[in-house]
Amino acid sequence: MSVTVSLPPPADLKTLLTLDPVKPDAFLAPTADNGWGRIYGGQAIAQGLRAAGHTVREGQLPHSLHAYFIQEGDEKAPVLYEVERIRDGRSFSTRQVVAYQAGGAICTL
């Protein structure tokens with residue numbers, strides 16, 4: 001999936017973690033220009049967790065997370081987070097999140 005949208009650089013953590021819905025269960029997030037040329041992994045995890053959190057019932061909190069980095073993300077381009085609803089139960093929900101940029105998937109959670 002290719003993302004060719006440009007977002008303004010985030011001014012603070014709150015802005016960095018603000019995700020824009022682009023379609024049901026898909027969110028676009030800005031990236032921080034850290035000077036490394038690639039996205040900080042903690043940023044991708046935090047934004048992916050936030051995307052998953054937007055798809056569960058209020059009051060459901062995360063209790064487990066596994067993340068796999070597939071390739072470097074470009075700090076100059078926004079990231080598209082697509083959430084797949086694996087299971088919705090009474091006490092917990094399961095989500096799979098894939099982070100995409102123009103070069104393809106960069107991270108999965």
Side-chain angles (χ1 to χ4, degrees):
M1 173 156 291
S2 177
V3 177
T4 58
V5 176
S6 178
L7 293 175
D12 54 22
L13 182 60
K14 182 178 179 181
T15 305
L16 186 64
L17 294 177
T18 299
L19 308 180
D20 294 326
V22 293
K23 64 181 184 178
D25 298 343
F27 306 89
L28 196 61
T31 56
D33 186 356
N34 55 31
W36 299 340
R38 61 185 183 274
I39 295 172
Y40 172 61
Q43 171 191 312
I45 291 171
Q47 290 174 330
L49 181 60
R50 184 113 166 115
H54 284 309
T55 68
V56 298
R57 288 188 313 272
E58 189 172 329
Q60 286 189 318
L61 301 174
H63 69 91
S64 177
L65 181 143
H66 301 273
Y68 301 93
F69 298 102
I70 299 166
Q71 63 179 331
E72 290 182 356
D74 180 1
E75 71 179 7
K76 302 291 186 198
V79 181
L80 176 67
Y81 292 91
E82 291 194 343
V83 181
E84 182 180 353
R85 296 173 187 241
I86 305 296
R87 178 181 184 275
D88 281 316
R90 290 189 321 223
S91 60
F92 71 92
S93 298
T94 303
R95 300 292 186 256
Q96 178 176 326
V97 181
V98 180
Y100 293 99
Q101 283 190 319
I106 62 170
C107 179
T108 184
L109 297 91

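When a residue number appears, it is its place in the shown sequence, counting from 1. FYI, side chains are in, hydrogens and waters are out, and symmetry mates aren't considered; it's all heavy atoms of this structure. Only a predicted model underlies this, so the values are computations on that prediction, with no experimental measurement involved.
In this structure, V22 is a member of the same hydrophobic cluster as V98, with clusters built from ILVMFWY side-chain heavy atoms closer than 4.5 Å. Cluster annotation: L19 and I45 are assigned to the same hydrophobic cluster (Ile/Leu/Val/Met/Phe/Trp/Tyr, side-chain heavy-atom contacts under 4.5 Å, transitive).
Shown here for P78 and T31, the closest heavy-atom pair between the two residues is CA-CG2, 4.3 Å. Across all non-hydrogen atoms, the minimal contact from C107 to L109 is SG-CD1, 3.8 Å. Across every non-hydrogen atom of G103 and Q71, the tightest pair is O-NE2, 3.1 Å. Considering all non-hydrogen atoms of both residues, A46 and L17 come closest at CB-CD2, 3.8 Å. The two atoms that bring V97 and A52 nearest to each other are CG2-CB, 3.8 Å, heavy atoms only.
Listed by first and then second residue, the salt bridge (Lys or Arg N to Asp or Glu O under 4.0 Å) pairs that reach into residues 92-109 are D88-R95, sequence neighbours excluded. Evaluation of the salt bridge (Lys or Arg N to Asp or Glu O under 4.0 Å) test over residues 100-109, restricted to residues two or more places apart or in two chains, returns none. Residues in residues 42-83 take part in these ring-ring contact (aromatic ring centres under 6.0 Å, His included) pairs, two or more places apart or across chains: F27-H54.
Using modelled atom types, no side-chain atom of Q101 and backbone atom of V79 make a donor-acceptor pair closer than 3.5 Å. The backbone N or O of P30 sits less than 3.5 Å from a side-chain atom of Q47, completing a donor-acceptor pair. Remark: the backbone N or O of G35 is paired with a side-chain donor or acceptor of E75 at under 3.5 angstrom.
By the side-chain hydrogen bond (donor to acceptor under 3.5 Å, both in side chains) test, Q60 is found to be paired with S93, residues two or more places apart in sequence or in another chain being considered. For I70, the side-chain contact (heavy atoms from CB on, under 4.5 Å) test picks out A105, T108, with sequence neighbours left out. Not a single side-chain contact (heavy atoms from CB on, under 4.5 Å) links L61 to another residue, sequence neighbours left out. For R85, the salt bridge (Lys or Arg N to Asp or Glu O under 4.0 Å) partners at least two apart in sequence or on another chain are D25. The side-chain contact (heavy atoms from CB on, under 4.5 Å) check on R90 picks up nothing, with sequence neighbours excluded. Annotation: side-chain contact (heavy atoms from CB on, under 4.5 Å) contacts of L49 (sequence neighbours excluded): P62, L65. Annotation: salt bridge (Lys or Arg N to Asp or Glu O under 4.0 Å) contacts of D74 (sequence neighbours excluded): none. Scored by the side-chain hydrogen bond (donor to acceptor under 3.5 Å, both in side chains) test, R50 finds no partners at all (sequence neighbours excluded).
Here CG of D33 is found 11.0 Å from CD1 of I39. Values are rounded to the nearest 0.5 Å.
Other members of a hydrophobic cluster containing I86 are absent, since no ILVMFWY side chain comes under 4.5 Å of it, directly or through relayed contacts.
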